[in-house]
Amino acid sequence: MAFEHYVRSGDKLLRCGYTTGSCAALAAAGAARLLLTGAAPEKLSLLTPAGLTVTVRPAWCGMEGTEAVCAVVKDGGDDPDATHGALIEARVARAAGADITIDGGPGVGRVTLPGLDQPPGAAAINRVPRAMIAAEVEAVRAACGETGGLAVTICVPGGEQLAQKTFNPHMGIVGGISILGTTGIVEPMSERALLDTIALDLRQAAARGESRVILTPGHYGEAFLQALGPAPVPVVCCSNFIGDALDEAAVQGFTQVLLVGHAGKLVKLAGSVMN
């Protein structure tokens with residue numbers, strides 16, 4: 001059941017995918033439904049923060065002792081995504097009290113350094129995916145007329161090996177991948193088109209006589225700058241291509257470059273991972 005949403009890149013249409021966060025929320029909803037109703041869902045749907053609906057069939061959904069387990073296959077679309085095809089699994093069990101708790105199990109990394117989305121010691125499940133998981137499980141619980149506590153554990157079979165293909169080791173996230181996504185949707189990057197756009201933005205700013213520029217690699221940096229109001233200098237979104245953007249800024253004669261972004265992105269630069 002492919003996700004049929006596309007973006008245009010030059011003369012190409014590229015298919016979008018959905019994040020590990022969306023997969024975790026879908027799987028958690030499926031496991032909660034099985035636990036509370038005794039019936040495994042054939043399909044799962046989620047309205048993402050981007051406003052797009054993702055509908056999938058679970059890879060599997062069944063009981064293991066007192067836990068309900070549901071897994072969803074990660075679909076990165078046409079993006080060169082290291083987690084494409086991974087199984088994102090949710091385990092849901094009844095718990096004391098009335099809270100819905102969320103933690104990471106095998107294959108989900110643990111944060112060991114400060115400055116990331118989650119504090120040291122926490123599972124590397126970022127705050128937007130956590131909110132999505134909690135909302136989906138709460139919706140199932142409310143629909144079933146339940147009020148008891150539920151413990152949700154997100155796992156990724158093979159996640160520890162998969163994490164070696166990501167930047168998690170450089171960022172102090174150990175033991176697995178991160179559960180990520182601010183919009184719930186993966187928009188594929190056409191590398192050449194993106195590099196051309198970055199270079200064009202910098203050339204245009206230089207042509208206007210600008211000598212200073214702000215580079216931001218992702219959604220967090222953009223949101224932070226927008227909250228501050230109009231920037232006094234040009235802002236160029238460079239995605240992960242920080243090195244290329246810095247090279248182009250030097251070619252265009254910029255004398256000051258400020259990087260604004262989430263710590264996870266900037267750690268790549270500190271670790272000499274330049275694109």
Side-chain angles (χ1 to χ4, degrees), residues 7-12 14 16 19 49-50 76 78-83 109 111-120 124 126-128 163-173 178 180-183 185-275:
V7 294
R8 183 171 292 281
S9 177
D11 60 350
K12 294 182 180 179
L14 300 178
C16 294
T19 62
D78 288 332
D79 193 63
D81 186 343
T83 61
V111 178
T112 65
L113 298 176
L116 298 179
D117 183 274
Q118 296 295 302
N126 280 10
R127 59 181 179 270
V128 173
Q164 301 308 308
K165 301 177 182 179
T166 73
F167 289 103
N168 275 14
H170 298 280
M171 294 188 290
I173 298 174
S178 300
L180 303 170
T182 55
T183 67
I185 300 299
V186 176
E187 289 195 6
M189 291 190 299
S190 168
E191 182 172 323
R192 184 67 262 159
L194 184 53
L195 289 171
D196 289 346
T197 298
I198 294 167
L200 176 61
D201 287 347
L202 289 168
R203 287 198 303 271
Q204 288 179 326
R208 296 194 301 269
E210 301 284 353
S211 61
R212 299 180 299 162
V213 67
I214 297 173
L215 298 179
T216 180
H219 291 296
Y220 287 112
E222 286 184 88
F224 176 79
L225 290 168
Q226 288 170 1
L228 292 178
V233 300
V235 176
V236 174
C237 299
C238 61
S239 188
N240 289 338
F241 300 99
I242 298 172
D244 296 281
L246 289 172
D247 289 345
E248 185 63 30
V251 169
Q252 297 303 325
F254 286 94
T255 58
Q256 294 182 13
V257 178
L258 175 66
L259 293 178
V260 176
H262 187 272
K265 291 280 189 182
L266 300 184
V267 163
K268 296 177 183 179
L269 178 61
S272 299
V273 182
M274 299 296 282
N275 56 32

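- Distance check: T19 OG1 to I185 CD1 gives 7.0 Å after rounding to the nearest 0.5 Å.
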All N/O donor-acceptor pairs, side-chain side in residues 248-258, below 3.5 Å, sequence neighbours left out:
from, atom 1, to, atom 2, distance (Å)
E248, OE2, Q252, NE2, 2.7
T255, OG1, S211, O, 3.2

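- Expressed to the nearest 0.5 Å, how far CG of D244 lies from CG of L215 amounts to 11.0 Å.
- Summarising the geometry of V233 relative to R212, their closest heavy-atom pair is CG1-NH2, 3.5 Å, with the distance given to 0.1 Å.
- The backbone N or O of R127 sits less than 3.5 Å from a side-chain atom of D117, completing a donor-acceptor pair.
- For the pair T182/P49, no side-chain contact is recorded, criterion being any heavy-atom separation below 4.5 Å from C-beta on.
- The shortest side-chain heavy-atom distance between P119 and P114 does not fall under the 4.5 Å cut-off.
- Closest approach of G76 and D81 over heavy atoms only: CA-OD2, 3.9 Å.
- Annotation for R208 and P234: closest pair NH2-CG, 3.9 Å, computed over non-hydrogen atoms.
- Under the side chain to side chain donor-acceptor pair (under 3.5 Å) criterion, R203 pairs with no residue, sequence neighbours left out.
- Screening V260, L225, D201 for a side-chain contact (heavy atoms from CB on, under 4.5 Å) with V235, the sole residue that qualifies is L225.
- Across A163 and P169, no two heavy atoms sit closer than the pair O-CD, 3.5 Å.
- Atom OG1 in T216 sits 9.0 Å away from atom CD1 in I242 (nearest 0.5 Å).
- Nearest heavy atom pair, residue P188 against residue L14, reads CG-CB, 3.4 Å.
- Residues that satisfy the side-chain contact (heavy atoms from CB on, under 4.5 Å) test with S178, not counting sequence neighbours, are A124, N168, I173, L180.
- Minimum heavy-atom separation, Q118 to N126: NE2-C, 4.0 Å.
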